[in-house]
Amino acid sequence: MKSKQIKMMFFLLIVVSALILRPSKAQIKTSICSRTQTRPIDNVDGCFDAVRLAADVDIKWLSRDCCKAVKTLDDCLLLVFPNRAYNTNLFKEICFEIFNNLIL
């Protein structure tokens, strides 16, 4: 191969590698929710406990007000038990299924 072809192949390899290894904006965030991020569900009486129970498939305790608070949560991992954290999108989907297009 000629020197020019080698340089071009090397350049293409770098470009392809950069595109593959670049993190996507669509990836789910893996950071644990902070205290300020969970404040909306802390402000509704019994909401955090209802969300914890919903993580164990007991959704009967989720109220409309609690689901309104859940919809305002940022995308992060909600620590519901000491060793278990769930993405807040899961709880948003549960609330969507219960109240079908909840309007704030």
Side-chain angles (χ1 to χ4, degrees):
M1 278 194 184
K2 296 180 183 176
S3 174
K4 205 172 196 181
Q5 289 176 329
I6 292 174
K7 288 179 183 179
M8 187 57 138
M9 291 296 288
F10 185 69
F11 175 74
L12 288 174
L13 178 66
I14 290 173
V15 169
V16 170
S17 297
L19 290 174
I20 290 173
L21 299 176
R22 191 183 78 196
S24 169
K25 292 180 182 178
Q27 288 178 337
I28 296 174
K29 294 185 179 181
T30 57
S31 61
I32 300 293
C33 297
S34 68
R35 196 77 177 142
T36 57
Q37 289 173 311
T38 60
R39 191 162 289 139
I41 60 172
D42 290 337
N43 291 338
V44 177
D45 290 334
C47 186
F48 186 75
D49 292 328
V51 168
R52 287 180 64 180
L53 291 171
D56 280 337
V57 191
D58 187 8
I59 59 173
K60 66 183 177 188
W61 302 106
L62 286 172
S63 66
R64 186 173 292 275
D65 290 334
C66 182
C67 280
K68 285 181 182 177
V70 166
K71 280 194 92 163
T72 64
L73 292 175
D74 292 336
D75 290 337
C76 56
L77 295 175
L78 184 63
L79 191 63
V80 292
F81 294 105
N83 293 326
R84 287 183 13 205
Y86 295 99
N87 193 289
T88 54
N89 288 329
L90 171 73
F91 302 110
K92 291 175 186 178
E93 287 294 322
I94 292 171
C95 284
F96 177 80
E97 290 295 323
I98 293 173
F99 295 108
N100 197 17
N101 287 328
L102 178 66
I103 299 172
L104 294 176

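Counting from 1, the numbers follow the sequence of the chain as shown.
Other members of the hydrophobic cluster containing Leu53, listed by chain and number, are Trp61; membership follows side-chain contacts under 4.5 Å among ILVMFWY residues, whether direct or relayed.
Annotation: side chain of Cys66 is in contact with side chain of Val51 (closest heavy-atom distance under 4.5 Å). Counting heavy atoms from C-beta on, the side chains of Ile94 and Val70 never come closer than 4.5 Å. Counting heavy atoms from C-beta outward, Asn89 and Lys92 have side chains that approach closer than 4.5 Å. Counting heavy atoms from C-beta on, the side chains of Val44 and Lys68 never come closer than 4.5 Å.
The structure places CE of Met9 at 10.0 Å from CD1 of Ile6, a figure rounded to the nearest 0.5 Å. In this structure, the separation between CG on Asp75 and CD on Gln37 is 9.5 Å, given to the nearest 0.5 Å. One distance of note links OG1 of Thr72 with CZ of Arg39; it measures 12.0 Å at 0.5 Å rounding.
Phe48 and Val80 get closest at one heavy-atom pair: CZ-CA, 4.5 Å. In terms of heavy atoms, Pro40 sits closest to Ala69 at O-CB, 3.4 Å. Scanning both residues, Thr38 and Leu73, for their nearest heavy atoms gives CA-CD2, 4.1 Å. In plain terms, the two heavy atoms of Ser31 and Cys76 that are nearest each other are O-CB, 3.4 Å.
Both Phe81 and Phe91 are part of a single hydrophobic cluster, where members link through side-chain heavy atoms under 4.5 Å apart.
At least one donor-acceptor pair closer than 3.5 Å links the side chain of Thr88 to the backbone N or O of Asp74.
Sorted by first and then second residue, the salt bridge (Lys or Arg N to Asp or Glu O under 4.0 Å) pairs involving residues 77-91 (not counting sequence neighbours) are Asp56-Arg84.
For the two cysteine residues Cys95 and Cys67, the thiol sulfurs sit under 2.5 Å apart.
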